[in-house]
*Asks:* 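Here you go, one structure.
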Amino acid sequence: MRRVSILGATGSIGQNTIDLISRAPDEFRVVALSGGGNIAQLARDARALRAEIAVTAYPERLQDLRDALAGSDVRAAAGPEALVEAASRPADWVMSAIVGAAGLAPGLAALQQGATLALANKESLVCAGALVLDTARRAGTRILPVDSEHSAVFQALIGEEIDAVERIVITASGGAFRDWPLEALRSATLAEASSHPNWDMGQRITIDSASMFNKALELIETKEFFAVQPDQIEVIVHPESLIHALVGFRDGALMAHVGPPDMRHAIGFALNWPDRRDLPVERLDLAQVGQLNFRAPDDRRYPALNLARAVMRRGGLSGAVFNGAKERALDAFIAGTIGFLDMAAVVEEVLTRFEAQADLMDAEMTLETVTRTDHLARTWADSVMAERAGR
Ligand code: NAD
Ligand code: MG
């Protein structure tokens, strides 16, 4: 029996993970499940999977969780420290599927106790790539990428040397506004930004797909995870979302990973690694698909990509600044206080302000400095937004 924990179990990736492990109940023993405000879902899954412990991120919901778990053997806990404690419980495999920088500390705790970390939470690598990878190295454990593009690259690299890689191409659907006239983006609404043409995902990553902040995070994630140079990584718009990534080798060969847009492939690959086992994903009929299309991303439409390129070149704690400012700008867009295009403008301004603070950007990377930088970036994003509102 493999012991597994799922951080962010109530979300889109978490639920897909539960779908897979529920199909083989004799193979897995569930240690911890975590969620946020959806207590009913968390309790239902914790009971069905006979988890040791269920944790809500919100301390004020602890009593609700206790009530929902009454009469079962599942322990209830709440808050960020409880989350880290749950992630520290011995497990063989931990899914890191919390959204945002909040996933960093529990992910590190899971690595420290020696679990294999299936990493959907790309923000951990963006904010603290070197720290996360170093923690895995020290613990003698491993990180398996769950982002579809990174799982695709990982699979294309099986049996290959990283030195043989010339370039990595990650694909982007182009998001909800791919074909909108540029001027219309300014007044794009929350509802319009919250629907994705191909993938069914959480709301935040869906909006990040429309703005390409998601692809921007993935550029940084690629650089950190595969240790390649920034100019070796390309983004191409591929509206069908069937090719997830391509790896180009020195001899000119380009290996593409092709599959339906279903996260259960990447999750299942990480769950079964190093084996390949049957997965309940659609088999592509390429004759039916007929055509695959590609185009270069338009920098004016997607300013987030250039911001990410600057962050990759800058290094240090600039990834934590970028992500913290982005999360705050996204909160404001969701709350309706800034427009769609303002998100990139706010992040750019916060990055520029940090640029003047070399001591902050080049501080040693520890959980503490990353957390401090993340908080500061959010505070500065708030003041940038307040100033812009007054202009
Ligand atoms: P989601 O919004 O559907 O779920 C997020 C989960 O995190 C929920 O369980 C929620 O309760 C929990 N959570 C939210 N805020 C929290 C906090 N402050 N502290 C603790 N827990 C918190 O998100 P998702 O779409 O499943 O994405 C999860 C992660 O996976 C993100 O990092 C995302 O970028 C990445 N990812 C998602 C997909 C996808 O298809 N959904 C694909 C690739 C990568
Ligand atoms: Mg992705």
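Computed from heavy atoms alone, side chains included, the values below leave out hydrogens, waters and symmetry copies.
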*Asks:* For T352, check side chain to side chain contact (heavy atoms under 4.5 Å, CB included) against everything at least two apart and list the hits.
*Replies:* E348
*Asks:* Can you list every pair that meets ring-ring contact (aromatic ring centres under 6.0 Å, His included) and has a residue in residues 345-368, with sequence neighbours left out?
*Replies:* F354-W380
*Asks:* Do any pairs count as a ring-ring contact (aromatic ring centres under 6.0 Å, His included) and have a residue in residues 159-193, sequence neighbours left out, and if so which ones?
*Replies:* F177-W180, F177-F340
*Asks:* Is the number of heavy atoms from other residues, nucleotides or ligands under 6.0 Å of D278 CG greater than 12?
*Replies:* no
*Asks:* So, S96 side chain and A118 main chain: donor-acceptor pair closer than 3.5 Å or not?
*Replies:* no
*Asks:* Using a 3.5 Å distance criterion without hydrogens, assess whether the side chain of D92 forms a donor-acceptor pair with backbone atoms of R3.
*Replies:* yes
*Asks:* For Q41, does its backbone N or O pair with a side-chain atom of T10 as donor and acceptor, under 3.5 Å?
*Replies:* no
*Asks:* Output the distance between atom CD (E224) and atom CD1 (I143), rounded to the nearest 0.5 Å.
*Replies:* 11.0 Å
*Asks:* Does a donor on one side chain sit under 3.5 Å from an acceptor on the other, for D231 and Q229?
*Replies:* no
*Asks:* Could you check whether E327 pairs with R378 (Lys NZ or Arg NE/NH1/NH2 to Asp/Glu carboxylate O, under 4.0 Å)?
*Replies:* yes
*Asks:* For the residue pair L119 and P145, establish whether any side-chain heavy-atom pair is separated by less than 4.5 Å.
*Replies:* no
*Asks:* Please enumerate all residues that pass ring pair (Phe, Tyr, Trp, His ring centres under 6.0 Å) together with Y302, with sequence neighbours excluded.
*Replies:* none
*Asks:* The criterion is ring pair (Phe, Tyr, Trp, His ring centres under 6.0 Å); which residues satisfy it with F249, sequence neighbours excluded?
*Replies:* none
*Asks:* Just wondering, more than 12 heavy atoms not from E60 lying within 6.0 Å of its CD?
*Replies:* yes
*Asks:* I6 and W273: same hydrophobic cluster, using ILVMFWY side-chain contacts below 4.5 Å?
*Replies:* no
*Asks:* Please walk me through it: do R204 and D331 pass salt bridge (charged side-chain N to carboxylate O under 4.0 Å, His left out)?
*Replies:* CA-CA 9 Å; R204 297 180 73 88; D331 291 339; 2.9 Å; yes
*Asks:* Evaluate R353 against E387 for salt bridge (charged side-chain N to carboxylate O under 4.0 Å, His left out), listing each step before the verdict.
*Replies:* CA-CA 13 Å; R353 289 193 188 188; E387 278 168 34; 2.8 Å; yes
*Asks:* Are R300 and D298 close enough for a salt bridge, meaning some N to O gap below 4.0 Å?
*Replies:* yes
*Asks:* Starting from L246, can I reach F154 by hopping between I/L/V/M/F/W/Y residues whose side chains sit under 4.5 Å apart?
*Replies:* no
*Asks:* With distance as the sole test, does K122 use its side chain to make a donor-acceptor pair with the main-chain N or O of T222 at under 3.5 Å?
*Replies:* no
*Asks:* Taking side chain as C-beta onward, heavy atoms only, is V281 less than 4.5 Å from R283?
*Replies:* yes
*Asks:* Under 4.5 Å between side-chain heavy atoms, chaining through other members, with only Ile, Leu, Val, Met, Phe, Trp and Tyr counted: pull out the rest of the cluster around V31, sorted by chain and number.
*Replies:* none
*Asks:* Sequence neighbours left out, cut at 3.5 Å: what donor-acceptor pairs do the side chains of residues 99-114 make with other protein atoms?
*Replies:*
unit_1: Q113; atom_1: OE1; unit_2: A91; atom_2: N; d: 3.4
unit_1: Q113; atom_1: NE2; unit_2: A87; atom_2: O; d: 3.3
unit_1: Q113; atom_1: NE2; unit_2: R89; atom_2: O; d: 3.1

*Asks:* Answer with yes or no whether the side chains of H265 and Q155 bring together a donor and an acceptor at under 3.5 Å.
*Replies:* yes
*Asks:* Would you kindly say whether H150 and E218 are connected by a side-chain donor-acceptor distance under 3.5 Å?
*Replies:* no
*Asks:* Does atom CZ (R250) have a neighbourhood of more than 12 heavy atoms from anything else shown, all under 6.0 Å?
*Replies:* no
*Asks:* Would you say T171's side chain and I236's backbone share a donor-acceptor pair under 3.5 angstrom?
*Replies:* no
*Asks:* Please report the interatomic distance CG(L271) to CG(L20), rounded to the nearest 0.5 Å.
*Replies:* 6.5 Å
*Asks:* With a 4.0 Å cut-off on N to O distance, would you call K326 and E123 a salt bridge?
*Replies:* no
*Asks:* Verify the distance criterion only: is there a donor paired with an acceptor across the side chains of S151 and S148 at less than 3.5 Å?
*Replies:* no
*Asks:* Which heavy atom in T366 sits nearest to a heavy atom in L131, and how many Å separate them?
*Replies:* C-CD2, 3.7 Å
*Asks:* List the residues meeting side chain to side chain contact (heavy atoms under 4.5 Å, CB included) with A176, not counting sequence neighbours, and say none if there are none.
*Replies:* A210
*Asks:* Would the distance check show the side chain of T141 and the main-chain N or O of A136 forming a donor-acceptor pair, the cut-off being under 3.5 Å?
*Replies:* no
*Asks:* For the residue pair D19 / Q15, report whether a side-chain donor-acceptor contact shorter than 3.5 Å exists.
*Replies:* no
*Asks:* With sequence neighbours left out, what residues match W93 under ring pair (Phe, Tyr, Trp, His ring centres under 6.0 Å)?
*Replies:* none
*Asks:* How long is the straight-line distance from CG of L307 back to CZ of R314, given to the nearest 0.5 Å?
*Replies:* 15.0 Å
*Asks:* Give a yes or no on whether the backbone of I205 and the side-chain of D208 come within a donor-acceptor separation of less than 3.5 Å.
*Replies:* no
*Asks:* Would you mind reporting whether V169 and R167 have side-chain heavy atoms less than 4.5 Å apart?
*Replies:* yes
*Asks:* With a sphere of 6.0 Å drawn around CG of D362, does it hold more than 12 non-hydrogen atoms of other residues, nucleotides or ligands?
*Replies:* yes
*Asks:* Please report whether the ring centroid of F213 lies less than 6.0 Å from that of F333.
*Replies:* no
*Asks:* Return yes if some donor-acceptor pair links the side-chain N/O of R295 with the main-chain N/O of N293 below 3.5 Å, else return no.
*Replies:* no
*Asks:* Within a reach of under 6.0 Å around CZ of R264, are more than 12 heavy atoms found that belong to other residues, nucleotides or ligands?
*Replies:* yes
*Asks:* Just verifying a value: how many Å separate I267 CD1 and L144 CG, rounded to the nearest 0.5 Å?
*Replies:* 13.0 Å
*Asks:* Does the side chain of D382 pick up a donor-acceptor pair with the side chain of T379 at under 3.5 Å?
*Replies:* no
*Asks:* Give a yes or no on this: more than 12 heavy atoms of other residues, nucleotides or ligands lie within 6.0 Å of atom CE of M255.
*Replies:* no
*Asks:* For H244, which residues count as a ring pair (Phe, Tyr, Trp, His ring centres under 6.0 Å) partner, sequence neighbours excluded?
*Replies:* W199, H257
*Asks:* Assess the residue pair R388 and D342 against the criterion (salt bridge (charged side-chain N to carboxylate O under 4.0 Å, His left out)); give the C-alpha distance rounded to whole Å, side-chain angles, the decisive distance to 0.1 Å, and a yes or no.
*Replies:* CA-CA 9 Å; R388 288 172 59 90; D342 295 326; 3.0 Å; yes
*Asks:* Applying the side chain to side chain contact (heavy atoms under 4.5 Å, CB included) test to V311, which of L219, I220, V126 qualifies?
*Replies:* I220
*Asks:* Examine distances only and state if a side-chain atom of R301 and a backbone atom of P181 form a donor-acceptor pair shorter than 3.5 Å.
*Replies:* no
*Asks:* Enter the distance from L217:CG to K215:NZ here, rounded to the nearest 0.5 Å.
*Replies:* 10.0 Å
*Asks:* So which atom in V350 and which in V384 form the shortest heavy-atom distance, rounded to 0.1 Å?
*Replies:* CG2-CG2, 4.0 Å
*Asks:* Report yes or no: does D147 contribute a side-chain atom to a donor-acceptor pair with the main-chain N or O of E149 at less than 3.5 Å?
*Replies:* no
*Asks:* If I compare all heavy atoms of S72 with all of R47, which pair ends up nearest, and what's the gap?
*Replies:* CB-NH1, 3.7 Å
*Asks:* Who pairs with R186 by side chain to side chain contact (heavy atoms under 4.5 Å, CB included), at least two apart in sequence or on another chain?
*Replies:* L341
*Asks:* Please list, chain by chain and in numerical order, all residues satisfying side chain to side chain contact (heavy atoms under 4.5 Å, CB included) with L292, sequence neighbours excluded.
*Replies:* H238, E240, L242, I243, V289, F294
